[in-house]
K.L.:
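Starting off with a structure, shown below.
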Amino acid sequence: MTGHESTLISTLKATGPRVFLRRRRAAWDAFWVLLGLWGVSLALFNTFPQIDPYVSAHFFVREACSTAPAIGENCGHFPYRQDPFFQLLRTLFLRLPSVVAVVLLWKLLDCYGHHGATFNAERARALKVALASLVIGPIVLVNSILKSYWGRPRPSETLDFGGHFDFVQAGSMAGKCLSNCSFVSGEAAGAGWLFCLVLLVPQPLRSALLPPLATISLLAPALRVAFGAHYLSDVVLGWLSSLVVFAGLLALADSPQREKKLKIE
């Protein structure tokens with residue numbers, strides 16, 4: 001080994017822990033910023049609840065009631081919900097996270113098919129973070145906890161938009177919905193998770209994937225509002241929840257044990 005090669009290896013070993021520390025600190029900073037943004041957004045929608053019905057009203061077409069309406073009841077429909085093209089888009093966006101998750105799982109199993117020098121630890125770590133964030137975020141936190149127990153009726157279920165329930169602001173548990181409720185949007189959470197995957201893709205592929213993934217990630221939640229299936233607060237908080245979970249897991253994946261291993265090497 002030449003003197004130049006020895007110097008280069010020593011430099012890489014010395015800078016490795018510093019790069020690792022900067023990356024871990026950035027991940028934790030992102031987590032706390034995103035968590036704070038989630039909390040501020042919830043406080044905003046809860047303090048100014050009129051934002052939600054105001055936005056939903058732009059997608060609602062009022063009609064004359066066929067029977068005498070109840071006090072405060074409005075008759076009508078959300079026309080985008082009945083459009084075949086937008087229904088197809090919604091179905092594709094709904095299935096996409098599941099398809100991507102299957103591909104990521106296959107890639108992870110392929111990683112563990114290699115050993116020694118051919119095992120890519122960084123790739124395996126990234127795939128595990130991606131899959132774990134999907135399970136903890138959209139599946140457990142959103143669909144199994146928030147949507148099941150917060151009881152917020154969907155816009156189309158409320159008196160304002162042709163339903164029979166009273167409007168309930170974001171974060172309130174006073175709603176009468178019993179299952180698969182509006183707070184927060186599971187599909188928006190899935191869309192937010194898809195957006196997070198851009199961070200795990202190396203350049204130059206990342207730059208190529210960013211525009212289509214960002215478009216899908218924003219259009220999918222927008223459709224849920226246009227369909228009268230969710231309020232603006234539901235999709236914003238659902239989308240952000242995936243970013244919070246992803247950032248937290250990314251920070252935890254850069255554990256002190258990995259830092260110690262880098263120093264030893």
Side-chain angles (χ1 to χ4, degrees), residues 28-62 69-74 76 78 80-81 133 136-193 195-196 214 217-248 251:
W28 277 117
D29 288 346
F31 168 75
W32 290 115
V33 168
L34 288 167
L35 182 61
L37 181 59
W38 193 94
V40 169
S41 299
L42 175 59
L44 174 68
F45 285 114
N46 188 272
T47 305
F48 302 99
Q50 65 272 22
I51 295 174
D52 278 334
Y54 174 78
V55 173
S56 293
H58 285 78
F59 301 97
F60 183 72
V61 175
R62 298 183 186 276
I71 297 176
E73 181 182 2
N74 293 303
F78 289 90
Y80 286 106
R81 192 172 193 165
S133 62
I136 295 173
I139 295 176
V140 175
L141 175 63
V142 173
N143 283 295
S144 298
I145 298 177
L146 293 177
K147 290 175 69 67
S148 297
Y149 295 103
W150 255 251
R152 188 187 199 189
R154 298 174 183 271
S156 59
E157 297 174 335
T158 62
L159 291 168
D160 291 333
F161 304 110
H164 304 287
F165 292 121
D166 292 326
F167 168 77
V168 175
Q169 67 265 40
S172 173
M173 299 181 73
K176 302 281 171 85
C177 174
L178 298 178
S179 64
N180 193 26
C181 303
S182 191
F183 185 83
V184 292
S185 171
E187 291 177 43
W193 175 76
F195 182 77
C196 292
S217 181
L218 296 176
L219 185 56
L223 281 179
R224 302 308 288 152
V225 177
F227 281 14
H230 286 287
Y231 290 106
L232 177 63
S233 59
D234 297 325
V235 300
V236 170
L237 294 169
W239 194 86
L240 283 174
S241 69
S242 287
L243 274 65
V244 172
V245 172
F246 186 89

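No hydrogens, no waters, no symmetry mates; every other heavy atom, side chains included, goes into these values.
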K.L.:
For the residue pair Trp28 and Trp32, categorise the inter-ring angle as parallel (less than 30°), tilted (30 to 60°) or perpendicular (more than 60°).
P.N.:
parallel
K.L.:
Do side-chain atoms of Asp52 reach the backbone of Ser233 as a donor and acceptor pair under 3.5 angstrom?
P.N.:
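Present.
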K.L.:
For residues Asp160 and Phe60, report the shortest heavy-atom separation together with the two atoms involved.
P.N.:
O-CE2, 4.0 Å
K.L.:
Over all heavy atoms of both residues, which pair between Trp239 and Pro221 is shortest? Give the atoms and the distance, please.
P.N.:
CD1-CG, 4.1 Å
K.L.:
Checking Cys177 now: which residues fulfil disulfide bond (SG atoms under 2.5 Å apart) with it, not counting sequence neighbours?
P.N.:
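With sequence neighbours excluded, Cys177 shows a disulfide bond (SG atoms under 2.5 Å apart) to Cys181, given in chain and number order.
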K.L.:
Taking C-beta and beyond as the side chain, do Phe183 and Leu237 meet within less than 4.5 Å on heavy atoms?
P.N.:
yes
K.L.:
Please examine the side chains of Leu232 and Phe45, heavy atoms only from C-beta on, and report whether any two atoms are closer than 4.5 Å.
P.N.:
yes
K.L.:
For the residue pair Thr47 and Ala43, what are the closest heavy atoms and their distance?
P.N.:
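Heavy atoms only, the tightest pair is OG1-O, 2.6 Å.
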K.L.:
Considering non-hydrogen atoms only, spot the tightest contact between Ser148 and Asn143 and give its length.
P.N.:
OG-O, 3.1 Å
K.L.:
Hey, is the main chain of Pro138 close enough, under 3.5 Å, to the side chain of Ser241 for a donor-acceptor pair?
P.N.:
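No.
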K.L.:
What distance do Leu141 atom CG and Ile136 atom CD1 have between them, rounded to the nearest 0.5 Å?
P.N.:
9.5 Å
K.L.:
Side chains of Ser182 and Pro155: closer than 4.5 Å at any heavy-atom pair?
P.N.:
yes
K.L.:
Look at the side chain of Asn46 and the backbone N and O of Ala170, then say whether any donor-acceptor pair between them is shorter than 3.5 Å.
P.N.:
yes
K.L.:
Looking only at non-hydrogen atoms, find the nearest pair between Ile145 and Trp150 and report the distance.
P.N.:
O-CE3, 4.1 Å
K.L.:
Does the side chain of Ser242 come within less than 4.5 Å of Ser133's, by heavy atoms?
P.N.:
no
K.L.:
Side-chain contact test, heavy atoms from C-beta onward, threshold under 4.5 Å: evaluate it for His230 versus Arg154 and give yes or no.
P.N.:
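Side chain of His230 against side chain of Arg154, heavy atoms only: contact under 4.5 Å found.
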K.L.:
Within the structure provided, determine whether Val168 and Pro153 are in side-chain contact (heavy-atom separation under 4.5 Å).
P.N.:
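Touching, per the 4.5 Å side-chain cut-off.
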K.L.:
NZ/Lys176 to CZ/Arg152 distance, rounded to the nearest 0.5 angstrom?
P.N.:
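Between Lys176 NZ and Arg152 CZ, I get 15.5 Å after rounding to 0.5 Å.
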K.L.:
Within a 6.0 Å radius of atom CZ on Phe78, are there more than 12 heavy atoms belonging to other residues, nucleotides or ligands?
P.N.:
yes
K.L.:
I'd like to check Glu187 versus Leu223 (side-chain heavy atoms, cut-off strictly below 4.5 Å). Are they in contact?
P.N.:
no
K.L.:
For residues Val184 and Asp234, report the shortest heavy-atom separation together with the two atoms involved.
P.N.:
CB-O, 3.5 Å
K.L.:
Could you state the interatomic distance from CG (Leu37) to CG (Leu243), rounded to the nearest 0.5 Å?
P.N.:
9.0 Å
K.L.:
Classify the ring geometry between Tyr231 and Phe167 as parallel (under 30°), tilted (30 to 60°) or perpendicular (over 60°).
P.N.:
perpendicular
K.L.:
Checking the side chain of Ser144 only, and the main-chain atoms of Ile139 only, is there a donor and an acceptor separated by less than 3.5 Å?
P.N.:
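Yes: the side chain of Ser144 pairs with the backbone of Ile139.
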